[in-house]
S.K.: 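My questions all concern the structure below.
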Amino acid sequence: MNIHEYRFLLSERATLSRMIGQTDESEVIARMSLEARLQEVQEQLEAYEGLSPRLINASLTFRGSPVVGSRGIDAAFGPDAVKSFATAVGLVGASKHGPLAHTGPVPHREEHRLLITSTTIGSFGFQVEEATQRPAFVGESTPVEMAIAQVKAILEASVGTDEQLSEVIDETDRRALGAIKAFLKKVADGNAVCALEFGGDVFRFTDVAQVRRSENRLSDDNIQEDDVMLTGYFEGFLPVSRRADFHIEETTADFLSEAVGTVISGKVEDAVGDINEFLKQQVRIGAHTRRVGGGRPRFIITRCERLPE
């Protein structure tokens, strides 16, 4: 069973219960049919609810000045470093629901809460686990699982090329990126390095200088964002992923002058609507761009209007 099937069964159970309540007792056959189906649905739901919860966990370890072998870690460093990591996971997860306010409460916080369940052996660190354990849906990831995977992907890309980092942070909220940067600053300021083991794979920084470079690559100076206007036409649109190809004919943004005459690909915000109605027509679009270092810009299309003929 996957999450879509589970939600369908919940809906079907509610509908069947309502229909049975509305069926006259004299309609024996109809009532028996509805009750039999309700029993089948109930059994399927109970079978799912009897599954063992998934244990989504990760290992965050440290080396360097705050660590004393496998004995322990400086109390002024360890708890704050784990708290900073948990904050990054929470913000990355929350940003998947939409743009975040620059400050203030983090939405969907409970969905992304982590527990420290034990310490690690070897390089000192901590085992963290998703606070809310869930039964195992087939082919589905929990919110915490997706958030930790994204944090790990950003850490890995931060030691790669500008293009690699651009690709990974394409749709990550700026506040969430700031939280990852703050975590890296905490580690580097403590003259430490960290490793994150998750999903059967490990990413580790080699030295403090590499941690500091990754921190700087997530800074506002290295990640530039602009709102631009582009004139041209859409060549294609994928409604499921909401990605569109746009042929640029004109732009007022100097940094995009070399892109005139080329086709860009970008995410289309839900508010823009169905791009298919604009295909092959001359339009003006608004787009939010993000550039990492010398990498090419990524686009999120925020508005669209037809041009008068």
Side-chain angles (χ1 to χ4, degrees), residues 53 55-95 100 102-133 142-159 172-173 175-219:
L55 298 178
I56 304 303
N57 53 59
S59 175
L60 183 65
T61 57
F62 300 95
R63 291 184 295 108
S65 297
V67 179
V68 181
S70 59
R71 178 185 168 199
I73 191 167
D74 193 317
F77 173 85
D80 281 352
V82 177
K83 179 181 178 181
S84 184
F85 174 78
T87 298
V89 170
L91 284 165
V92 167
S95 70
L100 301 175
H102 295 305
T103 59
V106 179
H108 306 280
R109 191 180 190 92
E110 282 301 308
E111 292 182 20
H112 306 96
R113 196 160 59 92
L114 296 176
L115 300 178
I116 297 175
T117 55
S118 66
T119 56
T120 60
I121 299 174
S123 296
F124 198 88
F126 305 89
Q127 291 281 347
V128 294
E129 187 174 289
E130 182 174 10
T132 305
Q133 297 177 4
T142 73
V144 165
E145 191 173 5
M146 290 187 288
I148 295 178
Q150 178 68 1
V151 170
K152 181 172 176 288
I154 292 172
L155 294 179
E156 291 173 334
S158 73
V159 301
T172 304
D173 187 270
R175 183 177 174 185
L177 289 176
I180 298 175
K181 178 181 181 296
F183 166 68
L184 293 174
K185 184 178 189 308
K186 179 67 182 178
V187 175
D189 286 353
N191 198 32
V193 296
C194 66
L196 176 60
E197 181 177 356
F198 179 70
D201 187 36
V202 181
F203 168 75
R204 55 173 51 87
F205 287 99
T206 57
D207 53 41
V208 177
Q210 189 181 50
V211 178
R212 187 68 78 186
R213 283 194 298 272
S214 289
E215 175 204 339
N216 292 334
R217 294 189 71 209
L218 293 177
S219 69

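This chain uses plain numbering: 1 for the first residue, then up along the sequence.
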S.K.: So, do Gln150 and Thr172 sit near enough that their side-chain heavy atoms are less than 4.5 Å apart?
M.R.: yes
S.K.: I need the full list of ring-ring contact (aromatic ring centres under 6.0 Å, His included) pairs touching residues 182-202, with sequence neighbours left out, sorted by first then second residue.
M.R.: Phe85-Phe183
S.K.: Taking atom types as modelled and ignoring hydrogens, do the side chains of Gln127 and Thr119 form a donor-acceptor contact shorter than 3.5 angstrom?
M.R.: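 Gln127 vs Thr119: no donor-acceptor pair found between side chains.
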S.K.: Considering non-hydrogen atoms only, spot the tightest contact between Ala147 and His112 and give its length.
M.R.: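 Looking at all heavy atoms of both residues, the closest pair is CB-CD2, 4.3 Å.
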S.K.: Do Glu156 and Asp201 make a side-chain contact, defined as non-hydrogen atoms from C-beta onward lying under 4.5 Å apart?
M.R.: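 Yes, at least one pair of side-chain atoms sits under 4.5 Å.
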S.K.: Measure the shortest side-chain to side-chain distance between Glu130 and Thr142 over non-hydrogen atoms and say whether it is less than 4.5 angstrom.
M.R.: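 In contact.
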S.K.: With rounding to the nearest 0.5 angstrom, report the SG to CG distance, Cys194 to Leu184.
M.R.: 6.5 Å
S.K.: For a quick test of your reading: what N or O donor-acceptor pairs under 3.5 Å do the side chains of residues 55-67 make, sequence neighbours left out?
M.R.:
residue: Asn57; atom: ND2; partner: Leu55; partner atom: O; Å: 3.4
residue: Ser65; atom: OG; partner: Asn191; partner atom: ND2; Å: 2.7

S.K.: Between Arg217 and Ala157, what is the shortest heavy-atom contact and its length?
M.R.: NH1-O, 3.5 Å
S.K.: Is there side-chain contact between Val202 and Leu196, with heavy atoms separated by less than 4.5 Å?
M.R.: no
S.K.: To the nearest 0.5 Å, tell me how far Leu177 CG sits from Leu91 CG.
M.R.: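 If I round to the nearest 0.5 Å, the distance is 10.0 Å.
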S.K.: Taking C-beta and beyond as the side chain, do Lys181 and Ser219 meet within less than 4.5 Å on heavy atoms?
M.R.: yes
S.K.: On a heavy-atom basis, which atom in Pro79 and which in Asp74 lie closest, and how many Å separate them?
M.R.: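 Answer, listing the atom of Pro79 first, then Asp74: CD-O, 4.2 Å.
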S.K.: Just by distance, do the side chain of Asp173 and the backbone of Leu100 share a donor-acceptor pair under 3.5 Å?
M.R.: yes
S.K.: Would you indicate whether the side-chain heavy atoms of Ile73 and Val68 approach each other to under 4.5 Å?
M.R.: no
S.K.: Going from CZ on Arg175 to NE2 on His102, what distance comes out if it is rounded to the nearest 0.5 angstrom?
M.R.: 9.5 Å
S.K.: Which atoms form the tightest heavy-atom contact between Phe77 and Ala192, and what is the distance?
M.R.: CZ-CB, 3.9 Å
S.K.: Given 3.5 Å as the limit, does a donor-acceptor pair link the side chain of Ser84 with the main chain of Asp80, or not?
M.R.: no
S.K.: Under the criterion side-chain contact (heavy atoms from CB on, under 4.5 Å), I'd like the reasoning laid out for Thr120 against Phe126: C-alpha separation, chi angles, the key distance, then a yes or no.
M.R.: CA-CA 5 Å; Thr120 60; Phe126 305 89; 5.7 Å; no
S.K.: Please enumerate all residues that pass side-chain contact (heavy atoms from CB on, under 4.5 Å) together with Asn216, with sequence neighbours excluded.
M.R.: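 side-chain contact (heavy atoms from CB on, under 4.5 Å) list for Asn216, sorted by chain: Arg212.
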S.K.: Closer than 3.5 angstrom, by distance alone: can the side chain of Glu215 be matched with the main-chain N or O of Val211 as a donor-acceptor pair?
M.R.: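 Side chain of Glu215 to backbone of Val211: no pair is present.
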S.K.: Run the side-chain contact (heavy atoms from CB on, under 4.5 Å) check on Leu115 and Val128 step by step: do they pass?
M.R.: CA-CA 5 Å; Leu115 300 178; Val128 294; over 6 Å; no
S.K.: Under 3.5 Å, is there a donor-acceptor pair between the side chain of Ser158 and the main chain of Leu155?
M.R.: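 Checked: pair present.
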